[in-house]
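Single-structure report; data block below.
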Amino acid sequence: MPHALVVAEITEDGKVKKATLAAITFAQKALPAVGGAFSILVLGGAARSAAAELTSFGAQKVLVCEDPTLAHYTAEHYAPTVAEVGKSFALLVATATSQGKDLMPRVAARLDAGFAGDCSDVLVEGTALRYKRPMYAGNVFGTVELTTPVQVATARQSEFDAAAPSGGSSPVEAVAKVAPGAAAARVDYVSLEAVKSERPELTEARVVVSGGRAIKEQFFQVLEPLAQALGAAIGASRAAVDAGYAPGDYQVGQTGKIVAPELYVAIGISGAIQHIAGMKSSKVIVAINKDADAPIFQIADYGLVADLFQAVPALTAELKKRKG
Amino acid sequence: MKVLVPLKRVADPDNANKIKIAASNVAVDSTGLEWKTNPFDEYALEAALRLTENGKAPKQRLGEVIVVTLGPKECEQTLRSALATGADRAIRVDATDDALDGRLVALALKSLVLAEKPDVVLLGKQAVDGDSNQVGQRLAELLDWPMATFAATIREEAGALLVSREVDGGVGTLRVRLPAVVTVDLRIVSPTSVYSAHTDAAHRYAEGVRFAPLPAIMAAKKKPLDTKTLAELAPGAALSTKTLKFEKPPARSAGVRVKDVTELVDKLMNVSKVL
Ligand SMILES: Cc1cc2nc3c(=O)[nH]c(=O)nc-3n(C[C@H](O)[C@H](O)[C@H](O)COP(=O)(O)OP(=O)(O)OC[C@H]3O[C@@H](n4cnc5c(N)ncnc54)[C@H](O)[C@@H]3O)c2cc1C
């Protein structure tokens, strides 16, 4: 029976991105329907060193495609190889990062496969897979069946635990890069400007502190000290990003990052449907807003009606005092 | 430049929390919610209009924008409003909503692209009802065209587009030589996001999408609107996605109000124990 294939995501210098571990968990959950085994495919300019990190997760094989033309990710260069390797599998899964969202539908089209994106769960029914996925900004969940022989999915990182190494040593096998089609010759990677931050990764942090439009230009001035005191990552609403107070990469929401930390602190954020879609699975939600009727209070475990410019420094001071 | 912009109507996204599940559990019920153009598709249309004009006064159209939707007759409303906003002509592909999925839409669009030969297909990155985020990528693959997804800015160069994209960890830039597929993200409608080869570098657009002036709404009724069928564009193709069940997520209820930061820290430390 054809198995599952996890498409790993790595950094340009050959380190496995933590997001990959969510896709491994997804594949492990799907195992009973896919013949009980999964493999991992790693592509990149420095894929071999990343592959070595992935041999202890119980994969039948770790397949490696290392090639200088894969050094910078582009879907046009990656998709042909992923599809060629993937065509003998029943399920291809990656995590719904910006790379996974870009690549996997393109792979699906190449295989004429059905696609279930941003899944919050995968269920096994006999030998069939069912994909549970949020729709309508998380206001509806659909359980989806794909009818094609090869199926392609992406996993919502916040809904799948990071797989833990289970020991063992999967054999590493090299696979050749498939010559890409005409599309690859017509795309140039130009640059990647990384946003530098001392703070933890938004999608992996235990605590997230997010700011809205109300904080204005003092965005980092107000939020940094609090984030520091909490060891938190910093997020933002769309309005704060649109206004240029925070980089685009900080946006939490339906169309930004999906986060589910232990603690989410929403500061000067009204609680629009599209924002809530990105954080409502957080364990504990705190809202600080000066408008007692702001919709964010309807989903907050603890609401503080206050001016953020006073409340945030006071909260920071209180936390420092308690923690000594 | 000739640009094709696929549009989808969606139930009013600002009231998505009022969507109900039909008693059968196999359909959603959006009764009472107005149909709106998917916001990302409106942004794609705005970007397409900016790419096909000079930007300054007097405004000059320098290309063609064709809008297309797949759906029943009522969807022509979505096309008419796009025509009023500035699109030149429209095509409706007749289909019922439940006969469509991302794969079929991409297959049908491929046939249209082969017939219309646009330089660019500009799409929203996702429709905010299904939140699927796949049609643009699939279409690019079917055409063997380069793509730039999640575009935040577009600059036209000779025979190419320079596209910056909001990706995890920062901003990535790609150059795609035409013809190409571009899917757009929220920031594509900010004042300096899109420049055609003819836009003055100093030009600043108004934030957001443009609205149709009243005379344009009347004039739009006379713009061409063709109809095609799904069967002619994607012959023999069947659905590959079936939604077996819809359900509402567990509701999250409001908790308590705290009077000050001291009480807040107490709760976080002693009640929910997250600190
Ligand atoms: C297609 C589409 C996709 C979208 N995707 C996203 C998304 O992914 N993420 C997202 O966040 N949004 C998204 N949005 C936007 C969303 O609809 C809201 O516009 C946005 O979230 C509002 O941001 P905000 O809460 O910062 O601003 P506002 O709604 O303006 O709220 C500001 C809040 O600050 C409070 N406030 C003001 N001053 C103070 C003060 N001194 N102290 C305390 N509180 C104060 C106000 O009471 C208010 O509640 C999307 C919209 C569309 C159309």
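Just so you know, these numbers come straight off a predicted model, no measurement behind them. Throughout, a chain's letter reflects where its sequence line sits, starting with A, and its residues are numbered from 1.
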Distance-only, no hydrogens or angles: does the B:D185 side chain make a donor-acceptor pair with backbone N or O of B:A152 under 3.5 Å? no
Neighbour count >12 (heavy atoms, 6.0 Å) for atom CD, B:E157: yes
Selection from B:V256, B:D260, B:T241 maximising heavy-atom pairs under 4.5 Å formed with chain A: B:V256
Which portion of A:R206 sits near chain B, non-hydrogen atoms under 4.5 angstrom: side chain
Engaged part of A:P134 at the chain B interface, taking heavy atoms whose separation is under 4.5 Å: backbone
Restricting to non-hydrogen atoms, name the atom on B:T183 and the atom on B:G124 that form the minimum distance, rounded to 0.1 Å. CB-O, 4.1 Å
With respect to chain B, which residue among A:P105, A:A79, A:G256 yields the maximal number of heavy-atom pairs within a distance under 4.5 Å? A:P105
Please determine, among B:N15, B:D14, B:V258, B:L107, the option with the most heavy-atom pairs under 4.5 Å with chain A. B:V258
When rounded to the nearest 0.5 Å, the distance separating CZ of A:F115 from OG of B:S132 is 6.0 Å
With a 4.5 angstrom heavy-atom cut-off, which part of B:L162 approaches chain A: side chain, backbone, both or neither? side chain
Whatever's closer than 4.5 Å to a heavy atom in chain B on A:D102 counts as both
From the list A:L202, A:L319, A:T203, A:I285, the residue making the most non-hydrogen contacts under 4.5 Å with chain B is A:I285
Checking heavy atoms, do the side chain of A:Q274, its backbone, both or neither come under 4.5 Å from chain B? side chain
Between A:H72 and A:Y189, how do the two ring planes meet: parallel, tilted or perpendicular, split at 30° and 60°? parallel
State whether the side chain of A:R133 and the backbone N or O of A:D118 hold a donor-acceptor pair below 3.5 Å, judged by distance alone. no
When you measure from the side chain of B:D131 to the backbone N and O of A:A137, does any donor-acceptor pair fall under 3.5 Å? yes
Could you look at B:A140 and say if it's the side chain, the backbone, both or neither that has a heavy atom under 4.5 Å from chain A? both
A cation-pi test, strictly: NZ or CZ of B:R50 under 6.0 Å from the centre of the six-membered ring of B:Y195 and no more than 45 degrees from its axis. Yes or no? no
Tell me whether A:D249 contacts the main-chain N or O of B:G169 through its side chain, where contact means a donor paired with an acceptor under 3.5 Å. yes
Side chain, backbone, both or neither of B:R257 within contact of chain A (heavy atoms, under 4.5 Å): both
Proximity breakdown for A:V312 and chain B, heavy-atom pairs closer than 4.5 Å: neither
Among B:N133, B:L142, B:T262, B:V176, the residue with the most heavy-atom pairs under 4.5 Å to chain A is B:T262
Could you tell me whether a side-chain N or O of B:D129 sits under 3.5 Å from a main-chain N or O of A:M135, the two making a donor and an acceptor? no
In Å and rounded to the nearest 0.5 Å, what is the CG to CD distance from A:L192 to A:E12? 6.5 Å
Given the rule in the side chain to side chain donor-acceptor pair (under 3.5 Å) test, do A:Q99 and A:T97 qualify, once you have shown the distances and angles that lead to the verdict? CA-CA 5 Å; A:Q99 177 174 318; A:T97 57; over 6 Å; no
Can you tell which part of B:F150 gets under 4.5 Å to a heavy atom of chain A, answering side chain, backbone, both or neither? side chain
Donor-acceptor under 3.5 Å (B:K125 side chain, A:T255 main chain): yes
Passes side chain to side chain donor-acceptor pair (under 3.5 Å), A:R238 versus A:Q254? Steps please. CA-CA 10 Å; A:R238 173 194 177 176; A:Q254 179 188 19; over 6 Å; no
Measure distances from A:T11 to the heavy atoms of chain B and classify the residue's part below 4.5 Å as side chain, backbone, both or neither. neither
Heavy atom to heavy atom, less than 4.5 Å: which residues from residues 18-32 of chain B reach chain A? B:I19, B:I21, B:V28
Segment of B:L264 engaging chain A (4.5 angstrom heavy-atom cut-off): side chain
Whatever's closer than 4.5 Å to a heavy atom in chain B on A:K17 counts as neither
Is it the side chain or the backbone of B:P191 that comes within 4.5 Å of chain A heavy atoms, both, or neither? neither
Considering residues, nucleotides and ligands other than B:K245, do more than 12 of their heavy atoms fall under 6.0 Å from its NZ? no
Output the distance between atom NZ (B:K273) and atom NZ (B:K267), rounded to the nearest 0.5 Å. 12.0 Å
Let me see the working for B:T149 and B:R165 under side chain to side chain donor-acceptor pair (under 3.5 Å), right down to the final yes or no. CA-CA 7 Å; B:T149 55; B:R165 314 168 54 230; 2.8 Å; yes
Would you mind checking which part of A:L263 comes under 4.5 Å of any heavy atom in chain B, side chain (CB onward), backbone (N, CA, C, O), both or neither? side chain
Portion of B:M147 that has a non-hydrogen atom of chain A nearer than 4.5 angstrom: both
Side chain, backbone, both or neither: which part of A:A185 has a heavy atom under 4.5 Å from chain B? backbone
What part of B:D266 lies closer than 4.5 angstrom to a heavy atom of chain A: side chain, backbone, both or neither? both
Can you tell me if B:D144 uses its side chain to pair, donor with acceptor, with the backbone of A:A182 under 3.5 Å? yes
Contacting region of A:L304 [heavy-atom separation from chain B under 4.5 Å]: both
Most contacts with chain A, counted as non-hydrogen pairs under 4.5 angstrom, among B:V274, B:D168, B:V271, B:L174: B:D168
Select one option (side chain, backbone, both, neither) describing which atoms of A:L230 are under 4.5 Å from chain B's heavy atoms. side chain
Between A:P247, A:G117, A:A116, A:A108, which shows the greatest number of heavy-atom pairs under 4.5 Å with chain B? A:A108
Looking at A:R106 and B:G136, would you say the former's side chain and the latter's main chain have a donor-acceptor pair under 3.5 Å? no
What part of A:E201 gets within 4.5 angstrom of chain B, counting heavy atoms only: side chain, backbone, both, or neither? neither
Go through A:A300, A:G303, A:G114 and name the one with the most non-hydrogen pairs under 4.5 angstrom from chain B. A:G303
Looking only at B:S164, B:G172, B:P249, most heavy-atom pairs under 4.5 Å shared with chain A are made by B:P249
Quiz question: by atom type and distance under 3.5 Å, do the side chains of A:T148 and A:D112 form a donor-acceptor pair? no
Quick one: what part of B:E247 sits under 4.5 Å from any heavy atom of chain A, side chain, backbone, both or neither? both
Test your reading of the model: is there a side-chain donor-acceptor pair from A:D291 to the backbone of A:D293, 3.5 Å cut-off? yes
Which portion of A:A113 sits near chain B, non-hydrogen atoms under 4.5 angstrom: backbone
Can you say whether B:S253 sits under 4.5 Å from chain A via the side chain, the backbone, both, or neither, judging by heavy atoms? backbone
Please answer whether the main-chain N or O of B:K242 pairs with a side-chain N or O of A:E145 as donor and acceptor at a distance below 3.5 Å. no
Heavy-atom cut-off 4.5 Å, strictly under: side chain, backbone, both or neither for B:D101 against chain A? neither
For A:A314, which atoms come within 4.5 Å of any heavy atom of chain B: side chain, backbone, both, or neither? both
Which residue out of B:L239, B:V10, B:L139, B:L178 racks up the most heavy-atom pairs below 4.5 Å with chain A? B:L178
Taking the ring of A:F141 and the ring of B:F246, is the distance between their centroids below 6.0 Å? no
